[in-house]
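Note on naming: letters A, B, ... go to the chains in the order of the sequence lines (proteins, then strands), and numbering restarts at 1 for each one. Remember, predicted model here, so these are calculated numbers, not experimental data. Worth knowing before you read on, the calculation uses all heavy atoms, side chains too, and leaves out hydrogens, waters and symmetry mates.
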Amino acid sequence: MRDPRPKPPCLIAQGLIAQISISYPMTKLKSDFLNILSERGFLHQCSDMEALDKEAAAGKLIAYVGYDCTAPSLHVGSLISIMMLAWLQKTGGKPIVLMGGGTTRVGDPSGKDETRQLRTVAEIDANKDAMKQVFSRFLQFGSGKTEAIMVDNAEWLAPLNYIDFLRDVGRHFSVNRMLTMDSAKMRLEREQELSFIEFNYMLLQAYDYVELSRRYGCNLQMGGSDQWGNIVTGIDLGRRMGVKDHLLALTCPLLTTASGAKMGKTASGAVWLNEAQLSAYDYWQYWRNTEDADVIRFMKLFTMMPTDEIQQYEGVAGAEINHAKQVLATHATALVHGRMAASNAADTARQMFEQGARTQGLPTVEIEGEKLEKGLGLLEALVKAGLAATNSEARRHIVAGGIRLNGEQVHNDKSVLNMSHIQTDGALLLSLGKKKHVLLKPV
RNA sequence: GGAGAGGUGCCCGAGUGGUUAAAGGGGACGGACUGUAAAUCCGUUGGCUAUGCCUACGCUGGUUCGAAACCAGCCCUCUCCA
């Protein structure tokens, strides 16, 4: 689509985050919402900063973020947008959590190298149900003015009729323009396939925005910077389809660590928010291992710590930065798993790493007592504990000197575990490297 | 529909009949050093009941003592043409 409007003055080039604070010094922002977001480093691009500030100050923001149901849990990558919704609610706006029950059936090509396999509807629905729970930790749901609501775009997308949709919505889209958008351009440049179904994703997301605006008066869509194209397309579509509200777009930067790695990926996969996918202890560990250079930035983004408190940690080093990481981990974990779980994780880690003492708080795996009495091969035990994917991998870890049993390095890959290895706490401890520990408990 | 190029391990990418479980790089993991950080250095990186066996270079067959490599058919991607 052509955009007939002159570009809003605040529309900054991608990647030039710093410009926001230059062109919009904090004193000029009237709303708490934008002041907080700006101060904490959430802002990347905005379609009309002045209008957004005005609406926010007047308490008239109704904003949505869409989440596709591609996995049984959200992960750290989605956390930043959840935080934006939480801040919105705290500052008098109304958050809408949009579950992509419909759009996930199509698949978003944005930022993806290649087509992902289509998911079954049953899988999508199961994912959706599992994903929901985490939002209640961050948002107050209800029907009040600032209470959050959750909707599923399958509600209006699933019943769409193809011909009607083409005539009502499709005619507003220019393929010429769509091909120039980042999501499509990347595939085209890399000579990778972009299937028609994915190509349609943009239309559906644009239509979502229109529908949410009609149904709930939604006037702001937020998301990661990779969503910019989809979001402004929605704004455009809204104008063409006669939406009266002034629709707005706001994106946050796509986060990488100071050394350039994508946020939220570890060896064992994504950093999931649901306990079922990743224990609170491991979640705490993820944040504990933050790089020095990221601590302050992450405190601002992933905790609700007041900024003056965060400032105390600015520029610290050595033992102090280590302490700061613990504070970060505990605050971040408390948001997702609750205060209890967070402080338990912190205690467990303190005992394990600082005192070298094992505790019951470590991830625990149950094994058959009978098997242990007969003698359980170390390789099998490591696989059972989840410390190795296969016997061969377990063997390699042992040979490399990465495995410890009750704190003692093991060198023999033929070692056998039995009841004599059980310690007074009724379990035995297997460790991989310095950081991964699992208690094996006979049942 | 026609012509050409291509499909190799988690990713990129070399290999065009025989020590090829497949060079090199990236990533990841382990070790050393540290602060549970970063950087650096070293090692590992298909599976198994393991001096051997099985699986693997898009799929299916074929040629051969022997195939990722040669042949045929099919599938998929890209480029140009219609």
Side-chain angles (χ1 to χ4, degrees), chain A residues 109 111-118 184-196 198 256-271 281-299 313 315-330 332-333 345-359 361-363 375-380 382-383 385-405 407 409-414 416 430-437:
Chain A
K112 308 225 171 51
D113 297 62
E114 47 190 49
T115 312
R116 284 211 245 164
Q117 266 214 308
L118 278 183
K185 206 166 62 184
M186 188 174 80
R187 293 281 184 87
L188 295 177
E189 276 169 2
R190 300 183 61 169
E191 300 190 347
Q192 268 153 343
E193 193 210 28
L194 174 65
S195 75
F196 184 67
E198 292 174 287
T256 53
T257 66
S259 38
K262 258 192 197 162
M263 276 289 292
K265 290 280 179 191
T266 66
S268 34
V271 181
Y281 173 79
D282 286 327
Y283 189 78
W284 191 92
Q285 283 294 329
Y286 173 74
W287 294 106
R288 173 63 183 83
N289 283 296
T290 297
E291 294 174 32
D292 287 8
D294 289 326
V295 174
I296 298 297
R297 194 160 59 105
F298 288 179
M299 277 180 172
Y313 295 100
V316 300
E320 281 179 84
I321 187 94
N322 253 341
H323 173 67
K325 288 181 193 182
Q326 292 174 14
V327 173
L328 165 67
T330 304
T333 306
D347 286 345
T348 300
R350 195 170 302 120
Q351 289 173 52
M352 191 66 217
F353 285 92
E354 290 171 21
Q355 293 150 29
R358 50 200 286 181
T359 75
L362 292 169
L376 177 65
L378 178 58
L379 298 178
E380 194 186 336
L382 287 168
V383 173
L387 293 175
T390 62
N391 285 5
S392 297
E393 190 187 319
R395 185 174 289 112
R396 281 196 295 271
H397 282 142
I398 294 171
V399 171
I403 297 294
R404 275 168 299 144
L405 165 60
Q409 204 173 41
V410 186
H411 300 283
N412 184 0
D413 59 355
K414 296 208 167 58
V416 174
L430 287 177
S431 311
L432 167 63
K434 278 176 266 183
K435 300 180 192 173
K436 286 175 218 119
H437 309 278

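Two residues, A/Leu379 and A/Ala346, neighbour RNA chain B, and the one matched to the more 5' nucleotide by heavy-atom proximity is A/Ala346. Nearest-nucleotide positions on RNA chain B for A/Gly402 and A/Lys325 put A/Gly402 closer to the 5' end.
Here the CG atom belonging to A/Leu387 is positioned 8.0 Å from the OG atom belonging to A/Ser431, to the nearest 0.5 angstrom. Here the CG-CG distance, from A/Leu405 to A/Asn412, works out to 12.0 Å after rounding to the nearest 0.5 Å. Expressed to the nearest 0.5 Å, how far CD of A/Gln409 lies from CD1 of A/Ile398 amounts to 11.0 Å. Taken from CE in A/Met352 to CG in A/Leu362, the straight-line distance is 6.0 Å, to the nearest 0.5 Å. Rounding to the nearest 0.5 Å places CD1 of A/Ile321 at 10.5 Å from OH of A/Tyr313. Between atom CG of residue A/Leu328 and atom NE2 of residue A/His323 there is a gap of 11.5 Å, rounded to the nearest 0.5 Å.
Atom name C1', nucleotides B/rG6 and B/rC59: the rounded distance is 16 Å, in whole Å. Going from the P atom of B/rA22 to that of B/rU44 covers 13 Å, rounded to whole Å. Going from the C1' atom of B/rA56 to that of B/rC41 covers 33 Å, rounded to whole Å. Across B/rA5 and B/rU60, the matching P atoms stand 25 Å from one another, rounded to whole Å. Taking atom P on both B/rA69 and B/rA21, the two are 15 Å apart, rounded to the nearest angstrom. Across the P atoms, B/rA3 and B/rG13 are found 27 Å apart, a figure rounded to whole Å. Rounded to whole Å, the separation between the P atoms of B/rC12 and B/rG27 comes to 15 Å. Nucleotides B/rA14 and B/rG2, compared at atom C1', are 33 Å apart to the nearest Å.
Rounded to whole angstrom, the span from the NZ atom of A/Lys414 across to the C1' atom of B/rU51 amounts to 11 Å. Rounded to whole angstrom, the span from the CH2 atom of A/Trp284 across to the C1' atom of B/rU36 amounts to 9 Å.
Salt bridge status for A/Asp292 with A/Lys325: present, with a side-chain N to carboxylate O gap under 4.0 Å.
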5'-to-3' dot-bracket of RNA chain B (Watson-Crick, G-U; under 3.5 angstrom; crossing pairs as [ ]; | other strand): ((((((((.[[[..)..(.....]]]((((((.......))))))(((...)))...[[[[[..)....]]]]]))))))).

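Of the possible donor and acceptor atoms, one in the side chain of A/Glu198 sits under 3.5 Å from a partner among the backbone N and O of A/Ser195. A donor-acceptor contact shorter than 3.5 Å links the side chain of A/Thr290 to the backbone of A/Trp287.
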Sub-3.5 Å pairs of nitrogen or oxygen atoms, protein against nucleotides 45-48 of chain B:
unit_1, atom_1, unit_2, atom_2, d
B/rG47, OP1, A/Thr390, OG1, 3.0
B/rG47, OP2, A/Arg396, NH1, 3.1
B/rC48, OP1, A/Asn391, N, 2.9
B/rC48, OP2, A/Ser392, N, 2.7
B/rC48, OP2, A/Ser392, OG, 2.1

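In this structure, the nucleotide among B/rG30, B/rU34, B/rU36 sitting nearest to the side chain of A/Lys434 is B/rU34. With B/rU36, B/rG30, B/rG35 as the choices, the nucleotide that has an atom nearest any side-chain atom of A/His397 turns out to be B/rG30.
A sub-4.0 Å separation between OP1 or OP2 of B/rA37 and a side-chain N or O of A/Lys435 is present.
Within 4.0 Å of A/Ile403, counting heavy atoms only, lies no atom of the nucleic acid at all. Here A/Ala349 lies in heavy-atom contact (under 4.0 Å) with a base. Across all strands shown, A/Trp287 has no heavy atoms under 4.0 Å from either base or sugar-phosphate atoms.
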